[in-house]
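Encoded as C-alpha cells, the structure appears first; notes follow it.
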Amino acid sequence: MANELQALIFDVDGTLADTERDGHRVAFNAAFVAAKLDWVWSEALYGELLAVTGGKERIRFYLEKFNTEFEKPAQFDKFIAALHASKTRHFVAMMQRGEIPLRPGVERLIKEARAANMRLAISTTTTPANVEALISSTLGSDAMQWFEVIAAGDIVPAKKPAPDIYDYALEKMGLQANQCIAFEDSLNGMLSSQAAKLKTIITVNGYTSEDDFSGAVVVLDQMGEPGAPCKVLQGNAEVTYLDLAAVKKLFQA
Ligand code: XBP
Ligand code: MG
C-alpha cells in the first residue's frame, strides 16, 4: 500500500512569496549603496544571477562573471559577509514593513494543513532571519512554530540544487522522502528536492516560468484560490486550486 502523506515541505523564496525581484534584489542594491559600491542589479541581470543560490554565493558569482574589473579587498570573505549581513538587514526591514505578501493560496493551504494535523517544514537557501521576518509579518508572530523544522541558509554547506537541505529537514522530522511532498518554484529548488527523492509540486514565477520542470508532479502558475483558479502548465492533473485534498491526490498519483 502506498504511503500516507505525513508532511508538506515548503521552499520560501518564489514559492511562499515573490521575494526575489522586489525583495532580495532591492535589498542587495540597498546594501551596495550603503557600502558605496556602484553596483546595480537590474531585474534582467538578477534573473541571470539567480542561477546561483545563496546571497553570498550570488555576490561572488556576480564578481566572477559580470564585474571582473572590481578589485577585491584584502579580506574578501569578510567583505562579502559584511555586505551580505547589510543586505539581510535591509531585507528583514522590508518584510517587517509588510512589503511582500504571500502568493495566492499559500496562507489558505498552510492553515488547512495545520488544521488537519499535517506536519509542516521549511527548506530554503535563504538566511533564517529572512524566513522569520517573512513568516511572522504575513502569518503572525506565532507562525514560526507551525513549522517543526526550519531548514535554512548555511545550516548545510551545499545549498540547492544539492539535496542536503531537504535531507536535513527529513532527518530532523524523522520521515522518509516517500512520506512527504515538496513545494518549489525554481529549477535549482526542484533539482534539490528531487535529489532528496521528494515528489514536488511547482508554482512558477516570472523568473522561473521557462525552467524545465520535467519530473515535477505538476507545474502550476500559482496555488490559486476558490473563485480564482490556478492554471495547470504541465502535468496530467485537474487542479482548480491547491487544497489539501488536491495535494494528497497529486502525492498518490
Ligand atoms: C532563494 C535563494 C536565496 C535568496 C537570497 O532560496 O537562493 O539565496 O535569493 O537569500 P529559496 P540570502 O528559493 O531556496 O528559498 O541572501 O539570504 O541567501
Ligand atoms: Mg525558491
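Side chains included, hydrogens not; waters and symmetry mates left out as well; all remaining heavy atoms used. Whatever order the structure lists them in is the order used to number ligands and atoms, beginning at 1.
- Electrostatic pairing of D164 and K159 does not count as a salt bridge here, judged by no charged N lying under 4.0 Å from a carboxylate O.
- The Mg ion (ligand 2) lies closest to atom OD1 when only the N/O/S atoms of D185 are considered.
- Of all the N, O or S atoms in D11, the one closest to the Mg ion (ligand 2) is OD2.
- The aromatic rings of F10 and F183 lie parallel to each other, their planes meeting at an angle below 30°, with 60° marking the opposite boundary.
- If you look at ligand 1, the protein residues with a non-hydrogen atom under 4.0 Å away are D11, V12, D13, E20, H24, F28, Y46, T53, G54, G55, R58, H84, K87, T124, T125, T126, T127, N130, K160.
- Taking the six-membered ring where the residue is Trp, F32 and W41 present perpendicular rings, their angle passing 60° and hence far from 30°.
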N/O donor to acceptor pairs below 3.5 angstrom from side-chain atoms of residues 82-90, sequence neighbours left out:
residue	atom	partner	partner atom	Å
K87	NZ	H24	ND1	2.8
T88	OG1	H84	O	3.1

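- At least one donor-acceptor pair closer than 3.5 Å links the side chain of T53 to the backbone N or O of K160.
- Here D13 reaches the Mg ion (ligand 2): one of its N/O/S atoms is less than 2.8 Å from the metal.
- You'll find the ring centres of F70 and F79 inside the 6.0 Å limit.
- Taking CD1 of I201 as the reference point, atom OG1 of T15 lies at 11.0 Å (rounded to 0.5 Å).
- Here E20 fails the criterion, with no N, O or S atom under 2.8 Å of the Mg ion (ligand 2).
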Next item on the list: Show your working on side-chain hydrogen bond (donor to acceptor under 3.5 Å, both in side chains) between N188 and S186 and close with a plain yes or no.
Entry: CA-CA 6 Å; N188 277 327; S186 70; 5.8 Å; no
